[in-house]
Amino acid sequence: MASKSPGNELIAAIATPPGRGGIGIVRLSGPGLADVAHALMGGLPAPRLAALRRFLDAAGELIDAGIALYFPCPASYTGEDVLELQVHGSPVVLKSLLHRCVELGARIAHPGEFTLRAFLNGRMDLTQAEAVADLIDAGSERAARSALRALDGELGKRIRSLAEQVRTTRALIEACLDFPEEDIDRSLLDRIAALIDTLAGEVGQLLESGRRGQALRAGWVVVLAGAPNVGKSSLMNRMTGSERAIVSELPGTTRDTLREPIAIAGIPVLLVDTAGLHVSTDPIEQLGMARTREEIGRADLVITVIDASACDPTRRSAAIDPLIVPLLPRGVRRIVVWNKIDLTGERPGDVSGAAPATYAVSAKTGAGIDELSTAIAAMAGLDEGGEDVVLARARHLGALTLAAEALAHARARTGQLELLAEELRSTQSALAEMTGEVGADDLLGDIFSRFCIGK
Ligand SMILES: Nc1nc2c(ncn2[C@@H]2O[C@H](COP(=O)(O)OP(=O)(O)O)[C@@H](O)[C@H]2O)c(=O)[nH]1
Ligand SMILES: [Mg+2]
C-alpha cells in the first residue's frame with residue numbers, strides 16, 4: 001500500500017492487459033519524470049502532444065519506437081506528472097521498457113495506485129475511484145453504464161447533497177440546544193422532524209437503488225427452500241434447463257447445496273438448491289440443513305416451495321412458516337411457490353391476493369415457470385429500464401444502512417435534542433465515509449488493492 005502522502009515516489013506499470021496486443025502502454029506518474037525521459041528518449045515531449053520517440057536501454061540499444069504522451073501536473077489522471085509510453089504490444093518489449101524505467105528510478109506501482117493517487121490528490125472522490133474498477137470489471141453494458149454514471153460523480157454528488165442536508169439540520173438543532181427546552185418553538189421541532197423524514201426517505205431510496213445495483217454487479221442470490229420432496233431440485237432443473245440436481249421420490253436426496261448461475265431477463269442470478277428442512281436425526285441431513293440455514297441467511301430472495309398436492313390452499317402457509325420464517329434475514333424478499341399443480345389442477349401463475357407473492361407452478365410440466373421468472377426479475381427491480389440504478393458495493397450498502405438506522409433512531413428522538421444531534425452526527429459520518437471524506441487507511445487499502453496493476 002502506498003503511503004498516504006502521494007507523489008513522493010515515481011511509479012511505473014504496464015497499463016495494458018497481459019499478453020500480446022497491437023499496442024501496449026507503460027504509464028509513469030510522480031516526480032522526476034524529466035530525468036527518466038531524458039535518459040530514455042532524450043527529453044520530455046511537449047505537454048499533451050503525441051510525439052514519436054525511440055526508447056533506448058542502458059546500453060543505448062533500441063527497446064522499441066513508439067508514442068510518448070506527457071501530462072504535466074495537475075491536469076492528469078493522478079494529478080501528478082504523468083507520462084504514457086505506447087509501444088508495440090509485445091510482453092517482451094513492455095517488460096524491457098518497464099525494466100528500463102525501474103533502472104532509471106521508478107518503482108513498480110501497486111494495484112490501483114494510480115487511481116489511489118488520483119483520489120488522494122482530489123482528482124476524484126472514493127465513489128468515482130471505485131467506479132473506475134467497476135467500469136473495468138463491468139460484465140454487461142448495463143453495468144458499464146451504471147459505472148460510468150458513478151465515474152461521472154453522480155453517486156458522490158447525491159451523497160454529498162444528503163450530507164449537506166444533514167449538516168443543515170444539525171446546525172438547526174445545535175442552535176436549539178442553547179435554549180431551555182420549554183423556550184423552544186414547537187414549530188421548529190416540527191420542522192426538524194420534517195427534515196429528518198425527508199432525509200430518511202432519500203437515504204431509503206438510495207439504498208433501494210443501491211441494492212438493485214448490487215444485483216447488477218454481483219448477481220442476485222436466489223435460494224430455493226422448503227420441506228423435503230416438495231420439488232425444489234425439480235424446480236432448479238426446470239429453471240436452469242439442466243439436470244444438474246438429483247430428483248428423487250425419496251425424501252432427503254439433496255443433502256448439500258447446489259448453485260447454478262443463470263440469467264433471468266438479463267440479470268445474473270445465482271440459483272441455490274438446498275437440502276429440505278424438516279425434523280431429522282440423520283447427522284448428514286442435519287449438516288445439509290445447517291448449510292440451508294446459512295444459504296437462507298445470505299439470500300437476496302428466498303423462494304419457499306410447497307407441495308400443493310400435499311395440502312389444500314388454506315393450510316399451505318402454515319405448512320412452511322414455522323420452519324422458514326425464523327431463518328429469514330431482515331428485509332429479505334420472499335416468493336412462495338405452490339409446486340406440483342399438475343396434480344391439483346390449479347391455474348398456473350400469480351395467486352392473486354396472496355402475501356407474500358405466491359406463484360402456482362409445475363416443475364414437471366413447466367406451467368407457471370415463466371410467470372415466476374418474471375416475478376423474480378421484477379423483485380430484483382431491474383425489469384424496467386433500471387437507469388437510476390446505483391452500482392453500489394457492499395461498502396456503500398453498509399454505510400447507507402448505518403445512515404438509515406441512525407435517521408430512524410433520530411426520528412424516534414425528536415423530543416430529546418442532544419440524542420437527536422448525536423444520531424445525525426452518525427448519519428453524517430456514515431455518508432462521509434462513502435465519498436472518502438473520512439477514510440481510514442485500511443479502508444483505502446482494501447478498496448485499491450482489488451484494482452488491476454496499472455490503474
Ligand atoms: N407431479 C409432479 N411431481 C413433481 C413435481 N416436482 C417434483 N415432483 C416429484 O416430487 C419428487 C421430489 O422432487 P425433488 O425435486 O427431488 O424434491 P426436493 O426434495 O424438494 O428437491 C420427485 O419424485 C419429483 O419427480 C411436479 O411439479 N409435479
Ligand atoms: Mg432436492
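Each ligand, and each atom within it, is numbered from 1 in the order the structure gives. This structure is a prediction, so every number in the text was calculated from the model and none was measured.
Taking every heavy atom of Ser234 and a limit of under 4.0 angstrom, the matching atoms of ligand 1 come to 6 (N), 7 (C), 13 (O), 14 (P), 15 (O), 24 (C). The atoms of ligand 1 that sit less than 4.0 Å from any heavy atom of Ser233 are 15 (O), 18 (P), 21 (O). In summary, the atoms of ligand 1 found under 4.0 Å from a heavy atom of Ser362, numbered by their order in the structure, are 27 (O). The Ala363 neighbourhood of ligand 1 comprises atoms 6 (N), 27 (O), with distances under 4.0 Å to a heavy atom of that residue. Less than 4.0 angstrom separates some heavy atom of Leu343 from each of these atoms of ligand 1: 1 (N).
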Side chains of residues 89-96: which donor-acceptor pairs under 3.5 Å do they make with residues two or more places apart or in other chains?
residue: Ser90; atom: OG; partner: Val92; partner atom: N; Å: 3.1
residue: Ser90; atom: OG; partner: Val93; partner atom: N; Å: 3.1
residue: Ser96; atom: OG; partner: Val92; partner atom: O; Å: 2.9

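When only modelled atom types and interatomic distance are considered, Glu80 and Ser29 share a side-chain donor-acceptor pair under 3.5 Å. Thr115 and Tyr77 share a side-chain donor-acceptor pair at under 3.5 Å. Between the side chains of Asp125 and Thr435, no donor-acceptor pair of N or O atoms lies under 3.5 Å. Counted by atom type alone, His396 and Glu130 present one or more donor-acceptor pairs between their side chains at under 3.5 Å.
Contacts of Asn339 with ligand 1, taken as heavy-atom pairs under 4.0 Å, involve the side chain alone. Contacts between Val230 and ligand 1, counted as non-hydrogen atom pairs separated by less than 4.0 Å, involve both the backbone and the side chain.
In summary, no N, O or S atom of Asn229 is located under 2.8 Å from the Mg ion (ligand 2).
For Arg191, the CZ atom is loosely surrounded, since the number of other residues' heavy atoms within 6.0 Å does not exceed 12.
Residue-to-ligand polar distances keep Pro228 apart from ligand 1: every N/O pair is separated by 3.5 Å or more. Considering backbone and side-chain N/O atoms, Asp273 never comes within less than 3.5 Å of an N/O atom of ligand 1.
Applying the salt bridge (Lys or Arg N to Asp or Glu O under 4.0 Å) rule to pairs touching residues 163-172 yields Glu164-Arg167, sequence neighbours excluded.
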